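Everything numeric in this text was worked out from a predicted model, so none of it was measured.
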Amino acid sequence: MEKREDKQEEEQEQVVNPWEVTAKDGGKIDYDKLIDKFGCQRLEEPLVDRVQRLTGRPAHVFLRRGVFFAHRDFDEILNGYEKGKKFYLYTGRGPSSEALHLGHLVPFMFTKYLQDAFKVPLVIQLTDDEKCMWKNLSVEECQRLARENAKDIIACGFDITKTFIFSDFDYVGGSFYKNMVRIAKCVTYNKVGFLWSPFSLFSTSEFPFAVVQAAPSFPSSFPHLFSGKDDLRCLIPCAIDQDPYFRMTRDVAPRLGYHKPSLIESSFFPALQGETGKMSASDPNSAIYVTDSAKVIKNKINKYAFSGGQDSIEKHRELGANLEVDIPVKYLSFFLEDDAELEHIKTEYGAGRMLTGEVKKRLADVLTELVDRHRAARAAVTEEMVDAFMAVRPLPNMFD
């Protein structure tokens, strides 16, 4: 009984699953504990070096700086690739809002890098069915939001000759649905519920969606792309809160004759107010959106971005900034490409020679450029382009 209580107390310290991300007393997520709890592996520097060697490209900033920090069998993906065996990528988006924030862009920016570096096909699932079940949205509105979100995804620069975007409402059926049924027969309600949290209830609507999100991990779900390629491996870039879905999928895969999907997992992009978990779409001031103007971006950073600087210039010059809690520095770690400049800012700011206002100004410049570039790319995405990316068609040159 005492051991169970200890375990319950440990579980309550932080909750990380696809629906909830909270740390005890509003603190930071402990990613080392999360790795131990989930049983994944830390993504160490030798693997990053190996990616650079195999692709002949510099590692993405998200790899170099540990944004993607954990994995499951990513080394096996690289082992196969080194022997000439390709793989496919799978990621997704739950379309519940019209505008994406920067945290939503992180997995797509990284997935584009993986597609370009490894020259492999990609499937992107838009879970409009999930959002219809759990949000107060009609089927038609969820389908509309899926297409709007697809425009933002396409604007990230994916290769149309290697990319298939699908909405669940439009695509689920046939071979995909058969795999859903096969997966469902291999798991129990209690088993799936335990993967999310041993001490919370698992709703009847969540159970079937676990199967919907698992199915794209198996190549036979896409016969128009991977017919006769059941041995093809799948790599899933995602935030670590999605791990429970794919632990279930990895348990099922060998029983269905497939490779376990591999994962490469990111930490959470923090809210402007502090590093307490994920951004909240319900609080527009917690995030920078891709629809924000330069003025709005500047105002949000100046007013809401939590600073590790001191409360007076004199004290700041003496003590310097606390970089561990400073949100502008953390955002620059995501989006400032220049490693030398980032280290210069950290050194000068941490020593008190650079002030909070200077760091926030640099961040506003970096994010304004990023958002302006994305907005221009999205404006160029037509309805016909969305139709083309979402068309069920073969991709004959997807491994070239």
- Item | Reported CG-to-CD1 distance for the pair Leu47 and Ile77, which is rounded to 0.5 angstrom |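 Leu47 CG to Ile77 CD1: 12.0 Å, rounded to 0.5 Å.
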
- Could Asp32 and Arg42 be called an ion pair, given the rule that one side-chain N must be under 4.0 Å from one carboxylate O? yes

- Does the pair Tyr31 and Gln14 meet the rule for a side-chain contact (heavy atoms from CB on, under 4.5 Å), with working shown? CA-CA 10 Å; Tyr31 289 106; Gln14 58 181 22; over 6 Å; no

Does [X] reach the side chain of [Y], with side-chain heavy atoms less than 4.5 Å apart?
{"X": "Pro216", "Y": "Phe218", "result": "no"}
{"X": "Met398", "Y": "Phe226", "result": "yes"}
{"X": "Leu336", "Y": "Tyr331", "result": "no"}
{"X": "Tyr81", "Y": "Arg50", "result": "no"}

- Task: Scan residues 356-379 for pairs that pass ring pair (Phe, Tyr, Trp, His ring centres under 6.0 Å), counting only residues two or more places apart or in two chains.
- Result: none

Residue pairs passing the salt bridge (Lys or Arg N to Asp or Glu O under 4.0 Å) test where at least one lies in [range], sequence neighbours excluded:
{"range": "residues 258-274", "answer": "none"}
{"range": "residues 378-396", "answer": "Arg147-Glu383, Arg147-Asp387, Glu148-Arg378, Lys151-Glu383, Asp152-Arg378"}
{"range": "residues 61-72", "answer": "Arg64-Asp339, Arg65-Asp339, Arg72-Asp243"}

- Of Gln242, Gln125, Glu130, which is the lone residue that meets side-chain hydrogen bond (donor to acceptor under 3.5 Å, both in side chains) with Gln213? Gln242

Compile the donor-acceptor pairs under 3.5 Å between side chains in residues 173-180 and protein atoms, sequence neighbours left out, one pair per line.
unit_1: Asn179; atom_1: OD1; unit_2: Arg182; atom_2: NH1; d: 2.9
unit_1: Asn179; atom_1: ND2; unit_2: Ser220; atom_2: OG; d: 2.9
unit_1: Asn179; atom_1: ND2; unit_2: Ser221; atom_2: OG; d: 2.9

- Task: Under the side-chain contact (heavy atoms from CB on, under 4.5 Å) rule, what do Phe268 and Val16 come out as? Steps first, then yes or no, please.
- Result: CA-CA 11 Å; Phe268 302 117; Val16 176; 3.8 Å; yes

- Going through the distances and angles, do Lys135 and Glu141 end up as a salt bridge (Lys or Arg N to Asp or Glu O under 4.0 Å)? CA-CA 11 Å; Lys135 302 283 186 180; Glu141 177 64 2; over 6 Å; no

- Message: Once side-chain hydrogen bond (donor to acceptor under 3.5 Å, both in side chains) is applied, what residue pairs with a partner in residues 307-318 remain, sequence neighbours excluded?
- Response: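 Non-adjacent pairs meeting side-chain hydrogen bond (donor to acceptor under 3.5 Å, both in side chains): Ser307-Tyr349, Ser307-Thr356.
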
